[in-house]
Colleague: 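Can you keep this structure in mind? I'll have questions shortly.
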Amino acid sequence: MLTPIARLLAAFLAICIAATAPAVAQTRTQLLVYTTYLTEHLDTFKKAFEAANPDVEIIWHRDSTGTLTARLIAEAGAPKADAVFGLAATSLVEFSKRGMLEAYAPKGLAELRPSFRDEANPPAWIGMSAWVAAVCFNRVEAGKHGLPTPKSWEDLAQPVFKGRISMPDPASAGSGFITVSAWLQVLGEEKGWALMERLHKNVAVYEKSGSKPCSQAAAGEFAVGISHDLAASQLAAKGAPIDIVVMQEGGGWEMDAAGIVKGTKKLDAAKKLMDWAASREANQLYASFVNLLARPEVPPANPNYPEAVAKSMIRNDLAWASANRERILSEWTKRFGSK
């Protein structure tokens with residue numbers, strides 16, 4: 001039982017703690033971060049980051065890729081955001097070209113896959129997770145129609161696949177654009193467009209959604225759905241009779257990336273976010289909803305995810321893809337947009 005003096009001391013300490021708590025809270029640096037991640041993921045990221053960095057509080061501003069990209073460019077003269085966390089790497093490439101990013105080499109940079117970072121030293125941005133162009137191949141439907149498992153994009157242009165293929169429209173689906181961009185980069189423009197002319201004869205429909213062709217393949221509507229690895233792995237994990245097939249020429253890819261907005265007055269806090277974004281802990285959280293991660297030692301959530309997907313990533317010139325996007329889409333629409 002406490003003595004009267006002990007009770008007085010305890011009460012005094014409680015008052016002191018209560019009085020200083022607001023002051024402690026006010027010393028936390030508030031970091032405004034632009035992102036495209038879903039809200040449920042953001043809650044998890046915020047708790048984990050702030051537990052590791054109790055002196056920093058993340059304030060998220062979430063929107064779509066196009067909207068955030070346009071907003072950041074519009075704000076370039078007077079930046080409002082301190083950092084970007086989870087925005088398309090092609091957008092960050094554009095920001096870097098415009099001098100909008102603060103170069104920084106986060107802790108653990110050497111542990112990331114080489115393709116998951118800006119090539120400059122120090123890098124202007126780092127990748128976090130990626131999705132890669134892949135073919136969703138329905139082995140049951142293929143067996144019914146005697147279709148061979150394709151090994152190259154050229155295989156899909158053969159007459160045996162006529163009417164058996166669904167593909168994303170690159171003008172509306174990111175996975176469609178990364179596929180077309182990869183063909184042009186790997187084969188060269190002349191051969192790339194020639195491949196698309198031949199493939200066009202076999203494509204039954206161009207879908208506005210990047211994942212729908214894979215869903216159609218999983219449902220048996222088509223034997224082949226040109227899509228991306230995330231859609232394929234999720235459907236395969238649910239028991240769909242599809243294989244994730246990568247082509248020998250490789251596949252295009254896009255990734256979610258992070259960077260520091262140049263001009264931020266909270267540079268130290270922003271660097272802490274970059275350190276965390278590259279950490280094993282963060283990559284383990286990304287792994288709860290994606291398969292291809294910046295840190296190769298972190299296993300994907302899907303135990304059946306094929307290692308060949310990561311190896312199939314082309315040497316993607318993101319700057320070229322960004323600079324030529326409108327020209328490519330205009331040409332593609334002119335040639336194939338009527339189907």
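This one's a predicted model, so the numbers in the text were calculated from it and none came from an experiment.
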Colleague: Among Ile, Leu, Val, Met, Phe, Trp and Tyr joined by side-chain contacts under 4.5 Å, find the other residues sharing a cluster with L235 and list them by chain and number.
Modeller: I242
Colleague: Who passes side-chain contact (heavy atoms from CB on, under 4.5 Å) against D118, sequence neighbours left out?
Modeller: A120, P123, A124, W125
Colleague: Is there a side-chain contact between F85 and M128 (heavy atoms, below 4.5 Å)?
Modeller: yes
Colleague: With a 4.5 Å heavy-atom cut-off, do L147 and V224 have their side chains touching?
Modeller: no
Colleague: Roughly how far, to the nearest 0.5 Å, is CD of Q216 from OG of S211?
Modeller: 9.5 Å
Colleague: Could you check whether E94 pairs with R98 (Lys NZ or Arg NE/NH1/NH2 to Asp/Glu carboxylate O, under 4.0 Å)?
Modeller: yes
Colleague: Hey, does L92 have a side-chain heavy atom less than 4.5 Å from the side chain of M100?
Modeller: no
Colleague: Among residues at least two apart in sequence or on other chains, which ones pass side-chain contact (heavy atoms from CB on, under 4.5 Å) with P159?
Modeller: none
Colleague: Determine which pairs satisfy disulfide (SG to SG under 2.5 Å) with at least one residue from residues 42-140, sequence neighbours left out, and list them in order.
Modeller: C136-C214
Colleague: What pairs meet the ring pair (Phe, Tyr, Trp, His ring centres under 6.0 Å) rule with one or both residues in residues 129-160, with sequence neighbours excluded?
Modeller: W131-H228, W153-W183
Colleague: Can you pull out every side chain to side chain donor-acceptor pair (under 3.5 Å) where at least one residue sits in residues 105-115? Sequence neighbours excluded, please.
Modeller: none
Colleague: Are any non-hydrogen side-chain atoms of E50 and E57 less than 4.5 angstrom apart?
Modeller: yes
Colleague: Pairs in or reaching into residues 319-339: which pass ring pair (Phe, Tyr, Trp, His ring centres under 6.0 Å), with residues at least two apart or in two chains?
Modeller: H200-F336, Y206-W332, W332-F336
Colleague: Linking Ile, Leu, Val, Met, Phe, Trp and Tyr through side-chain heavy atoms less than 4.5 Å apart, which residues share a cluster with V205?
Modeller: F222
Colleague: So, R164 and E141, do they make that salt bridge, N to O below 4.0 Å?
Modeller: no
Colleague: In Å and rounded to the nearest 0.5 Å, what is the CG to CE distance from L184 to M196?
Modeller: 4.0 Å
Colleague: Sequence neighbours left out, what passes salt bridge (charged side-chain N to carboxylate O under 4.0 Å, His left out) with E119? Give chain and number order.
Modeller: R315
Colleague: Are T90 and E254 linked by a side-chain donor-acceptor pair shorter than 3.5 Å?
Modeller: yes
Colleague: Hey, what else clusters with M274 if you join Ile, Leu, Val, Met, Phe, Trp, Tyr whenever side-chain heavy atoms sit under 4.5 Å?
Modeller: Y104, L109, L112, I126, I260, L267
Colleague: Please list all pairs meeting side chain to side chain donor-acceptor pair (under 3.5 Å) that have one or both residues in residues 255-268, counting only residues at least two apart or in different chains.
Modeller: D82-T264
Colleague: For residues 169-179, tabulate all N or O donor-acceptor pairs below 3.5 Å that involve a side-chain atom, not counting sequence neighbours.
Modeller:
unit_1 : atom_1 : unit_2 : atom_2 : d
D169   : OD1    : A171   : N      : 2.8
S172   : OG     : D169   : O      : 3.4
S172   : OG     : K208   : O      : 3.3
T179   : OG1    : S175   : O      : 2.9

Colleague: Looking at the rings of F289 and Y37, which for Trp means the six-membered one, are their centres under 6.0 Å apart?
Modeller: yes
